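What follows is a single structure, written as structure tokens, with notes after it.
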Amino acid sequence: RPGRAAGSAGPAASPTTAPAGAPRSTSAAAAPPKASEQRSAPSAKALPPPVGETPPGKKSPAIFANVGTHSGVGGATLFPVVQGVQVWVQHINARGGLNGHEVKLILFDDGGDPARHRAQVQEAIERHKAIAFLGNTEVLSGRGSVEYLTQKRVPVVGMDTGEPWAYQSPMYFPQSSAGDALTYTFVASIAQLMVPAGKKKLGTLVCAEAQICTDADRIFGDNAPKLGFDHVYRAKASLTQPDFTAECLAARNAGVEVFFIMLVTNTTQRAAASCARQGYRPNFATASAIVADRLKDDPNFDGLVAPSQVFPWYQTGTPATDEYQQAMRTFGKDVAPGAAPPVGWAAGKLMERAAANLPEPPTSAAILEGLWALKADTLGGITAPLTFVRDQPPTPVSCWFNMAIRDGAWVSPDGFRMHCR
């Protein structure tokens, strides 16, 4: 069930430690929990025991928490990011941990509820003594926790990257482009690939439920003409909408050649199928969070283009990408490939870099010092150059990798080159 670490017995809303065990499968992560699992507060019976004293000669564990939307419609898209974090946790522990400290990861499923998210963040710090948050998937729920985290000086290292507040607090350390800077990469990447090919009439269809979709509609509207597009169609739709015939006909009538759809993966596939039933087959485009490997098997998406804020999951041939591929073969056999797990993996690699000299006992302050020491670090070429300045919010940066589907296979149109505005 989504929101639980492998091997745990608690309900989805309860926190559980996850230092070992295979990540749950994407099919399980995508399934909504039963009503009995959707509790408003964690069950006391499912809580891990106190850490206790560290045996002589053994370093104490580094306790991190992940608080985010692991279940429901949002969780189907966001939880694969957490799976990437879990793979990194197992991988680093197999190598001896962070400077000899075993990593223990506590998962909290907020169900997309901001109030629950805030309560779980506080519990992670005050009860479980988490010294940092790792890979939070909080785009739907985290805004109300920013002030508390800033006051507590507990860092959030990596996230799903949709959060605009990633650049508003000195305690947030995005592992790639995030917020509006990330959303800009959507239109920039698509323009880079489509405008030179003569496909300039753009249509956009974004979700009605999330702020990031509203932001995308605004950013496309502001930037598409500057990048060479004629933005001829704009619309919003529900993530649960069963049919998109009306939207497809409207886009076709507007002459849309490139149709950007920003819904969850399954809904995006329904939209493309609706267009195909009308004999309308534009060049589809989408956002990185929507991209799953299985889209290559859907004939409606041949020619699809999309950006990724970190390296594409199918990239090989560099030390950093080959390390990811080996870790997935070892610890992520049940994780469905796609653009999301590398986002979580990159969060782990950022933590790994920052905590290379983690002291005994591990502290939030030590992790902060490690983060502030980073200067234009791409983590081996897998993400944007990362620089963090002491007690200052991060500076936005827009970097991306281009992806496309051609003849039923994912390809890099430009040899896995990273582009930055």
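Side chains are part of it too, since the values below use all heavy atoms of this structure and drop only hydrogens, waters and symmetry mates. Please read these numbers as outputs of a predicted model, since none were measured by experiment.
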- Any L374 side-chain heavy atom under 4.5 Å of F173 side chain: no
- Within a radius of less than 6.0 Å around CD of E147, do more than 12 heavy atoms belonging to other residues, nucleotides or ligands occur? no
- Parallel, tilted or perpendicular: which fits the ring planes of W410 and W313, with parallel below 30° and perpendicular above 60°? perpendicular
- Beyond-backbone contact of R95 with E352, side-chain heavy atoms, under 4.5 angstrom: yes
- Message: Under a 3.5 Å threshold, yes or no: a donor from one side chain and an acceptor from the other, between D298 and Q269?
- Response: yes
- Query: Which residue pairs pass the salt bridge (Lys or Arg N to Asp or Glu O under 4.0 Å) test with at least one member in residues 364-393, sequence neighbours excluded?
  - Reply: R153-D391, R353-D377, E369-R390
- Message: Is there a side chain to side chain contact (heavy atoms under 4.5 Å, CB included) between T185 and Q309? Walk through the geometry before answering.
- Response: CA-CA 8 Å; T185 72; Q309 66 267 49; 5.6 Å; no
- Do T268 and T265 have side-chain atoms, one donor and one acceptor, less than 3.5 Å apart? no
- Item | Passing option when D230 is tested against K199, K200, K201 for salt bridge (charged side-chain N to carboxylate O under 4.0 Å, His left out) | K201
- First locate atom OG1 of T69, then atom CG of D110, and finally report the distance between them rounded to the nearest 0.5 Å. 4.0 Å
- Item | Aromatic ring proximity, centroids under 6.0 angstrom, Y314 and F416 | yes
- What do you reckon, is NZ of K236 surrounded by more than 12 foreign heavy atoms closer than 6.0 Å? yes
- Step through the shown structure and confirm whether more than 12 heavy atoms of other residues, nucleotides or ligands are within 6.0 Å of CZ on R417. no
- Step-by-step side chain to side chain contact (heavy atoms under 4.5 Å, CB included) determination, T204 to L202: CA-CA 7 Å; T204 54; L202 174 71; 4.2 Å; yes
- R234 NZ/CZ over F220 ring centroid, <6.0 Å and within 45° of normal: no
- Task: Return the minimal non-hydrogen interatomic distance between A224 and V187, and the atom names on each side.
- Result: CA-CG2, 4.0 Å
- Check whether any side-chain heavy atom of V146 lies under 4.5 Å from a side-chain heavy atom of M171, and answer yes or no. no
- Ring centers of F311, Y324 separated by less than 6.0 Å: yes
